Amino acid sequence: QLQLVESGGGLVQSGGSLRLSCAASGFTLDYYAIGWFRQAPGKDREGVACISSNTKYADSVKGRFTISRDNAKNTVYLQMNSLKPEDTGIYYCGATLEAICVIYRRVYAYWGQGTQVTVSS
């Protein structure tokens, strides 16, 4: 059974850092594109970053967030630095069997339950 589990969220002050993890089970990440998305209250889920044979970032996080993967641990990470209050939301990871990733949520077939990130001003 394919499963994704996010962790690493929490409460942090503006300017702080967090590292999110997306651990996969039931499949091997090697052949999948993994995307990070976030959803703020009352807003649509938006793409943040993705990784496959390429990486892509939303303009709002470029230079602050870094996505990476550890195939040995079957885990993808999202390092978030210089956090801002507008980064607040539930962060989800998604997986899709693609060699090239895009940060478009409808492409992703599998989702985790999410982890809450709250950035205080």
Side-chain angles (χ1 to χ4, degrees):
Q1 182 179 358
L2 192 151
Q3 189 174 14
L4 297 170
V5 178
E6 303 93 337
S7 62
L11 173 64
V12 64
Q13 289 187 330
S14 182
S17 298
L18 285 173
R19 188 177 79 156
L20 305 184
S21 299
C22 173
S25 60
F27 70 106
T28 303
L29 281 180
D30 302 43
Y31 305 109
Y32 283 76
I34 302 296
W36 280 101
F37 294 76
R38 66 188 180 191
Q39 189 164 15
K43 294 188 177 182
D44 291 335
R45 190 173 300 188
E46 64 171 355
V48 174
C50 66
I51 187 167
S52 186
S53 60
N54 62 314
T55 57
K56 291 186 74 70
Y57 296 92
D59 288 344
S60 59
V61 306
K62 281 180 182 176
R64 300 189 298 123
F65 291 12
T66 302
I67 190 168
S68 63
R69 68 197 303 161
D70 184 336
N71 288 342
K73 295 184 178 180
N74 221 29
T75 300
V76 170
Y77 303 98
L78 185 68
Q79 177 67 44
M80 307 188 296
N81 299 328
S82 303
L83 283 162
K84 305 175 181 180
E86 51 263 44
D87 295 318
T88 293
I90 301 174
Y91 281 68
Y92 301 89
C93 62
T96 186
L97 191 61
E98 293 287 349
I100 302 294
C101 77
V102 293
I103 43 176
Y104 181 54
R105 68 180 179 89
R106 293 188 184 274
V107 171
Y108 291 81
Y110 307 99
W111 293 93
Q113 293 301 306
T115 185
Q116 176 71 47
V117 171
T118 303
V119 185
S120 63
S121 57

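Since this is a predicted model, take the numbers as computed values, not measurements.
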Gln116 versus Thr88, closest heavy-atom pair with distance: NE2-CG2, 4.2 Å
Would you mind reporting whether Ser52 and Ile100 have side-chain heavy atoms less than 4.5 Å apart? no
Heavy atoms only: give me the nearest Ala99-Ser53 pair and the separation to one decimal. O-OG, 2.6 Å
Here's a test for you: under ring pair (Phe, Tyr, Trp, His ring centres under 6.0 Å), which of Tyr108, Tyr92, Tyr91 qualifies with Phe37? Tyr108
Kindly give the cluster partners of Leu11, where membership spreads through any ILVMFWY side chain lying under 4.5 Å from a current member. none
Decide yes or no for Arg38 and Ser60: does some side-chain heavy atom of the first lie under 4.5 Å from some side-chain heavy atom of the second? yes
When rounded to the nearest 0.5 angstrom, what is the spacing between CD in Glu98 and CG in Asn54? 10.5 Å
In terms of side-chain geometry, is the basic nitrogen of Lys84 or Asp87 positioned less than 4.0 Å from the acidic oxygen of its partner? no
So, taking the atom named CE in Met80 and the one named CH2 in Trp36, what distance separates them when rounded to the nearest 0.5 Å? 8.0 Å
Does NZ or CZ of Arg105 lie under 6.0 Å from the centre of the six-membered ring of Trp111, at an angle within 45° of the ring axis? no
Considering the options Thr66, Asp70, Ile67, which one meets the side-chain contact (heavy atoms from CB on, under 4.5 Å) requirement together with Tyr77? Asp70
Any donor and acceptor pair, going by atom type alone, linking the side chain of Asn74 with main-chain N or O of Ala24 inside 3.5 Å? yes
Is there a path from Val48 to Ile103 through hydrophobic residues (I, L, V, M, F, W, Y) whose side chains come within less than 4.5 Å of each other? no
Please say yes or no: joined through hydrophobic side-chain contacts below 4.5 Å, possibly via intermediate residues, are Phe27 and Tyr110 part of one cluster? yes
Can you list, pair by pair, the side-chain donor-acceptor contacts under 3.5 Å of residues 2-10, counting residues two or more places apart and other chains?
from: Glu6; atom 1: OE1; to: Gln113; atom 2: N; distance (Å): 3.0
from: Glu6; atom 1: OE1; to: Gly114; atom 2: N; distance (Å): 2.8
from: Glu6; atom 1: OE2; to: Cys93; atom 2: N; distance (Å): 2.8
from: Glu6; atom 1: OE2; to: Gly114; atom 2: N; distance (Å): 3.3

Are Ile34 and Val61 connected, step by step, through hydrophobic side chains (Ile, Leu, Val, Met, Phe, Trp, Tyr) whose heavy atoms are closer than 4.5 Å? yes
Is the backbone of Lys73 close enough, under 3.5 Å, to the side chain of Thr75 for a donor and an acceptor to pair up by distance? yes
Rounding to 0.5 Å, atoms SG (Cys22) and CG (Leu29) come to a distance of 7.0 Å
Do Phe65 and Val12 share a hydrophobic cluster, counting only Ile, Leu, Val, Met, Phe, Trp and Tyr and linking them when any side-chain heavy atoms are less than 4.5 Å apart? yes
With sequence neighbours left out, write down each residue that passes ring pair (Phe, Tyr, Trp, His ring centres under 6.0 Å) with Tyr104, or none if nothing qualifies. none
Atom CD1 in Ile51, atom OG in Ser68: separation rounded to 0.5 Å? 6.5 Å
Could you tell me which non-hydrogen atom of Leu78 sits nearest to which non-hydrogen atom of Ala49, and how far apart they are? CD1-CB, 4.1 Å
For Arg19 and Gln79, indicate whether the former's side chain and the latter's backbone hold a donor-acceptor pair under 3.5 Å. no
Start with the C-alpha gap between Val117 and Leu20, add the side-chain angles, then the distance that decides, and say whether side-chain contact (heavy atoms from CB on, under 4.5 Å) holds. CA-CA 9 Å; Val117 171; Leu20 305 184; 4.0 Å; yes
To the closest 0.5 Å, what do you measure between OG (Ser17) and CG (Asn81)? 3.5 Å
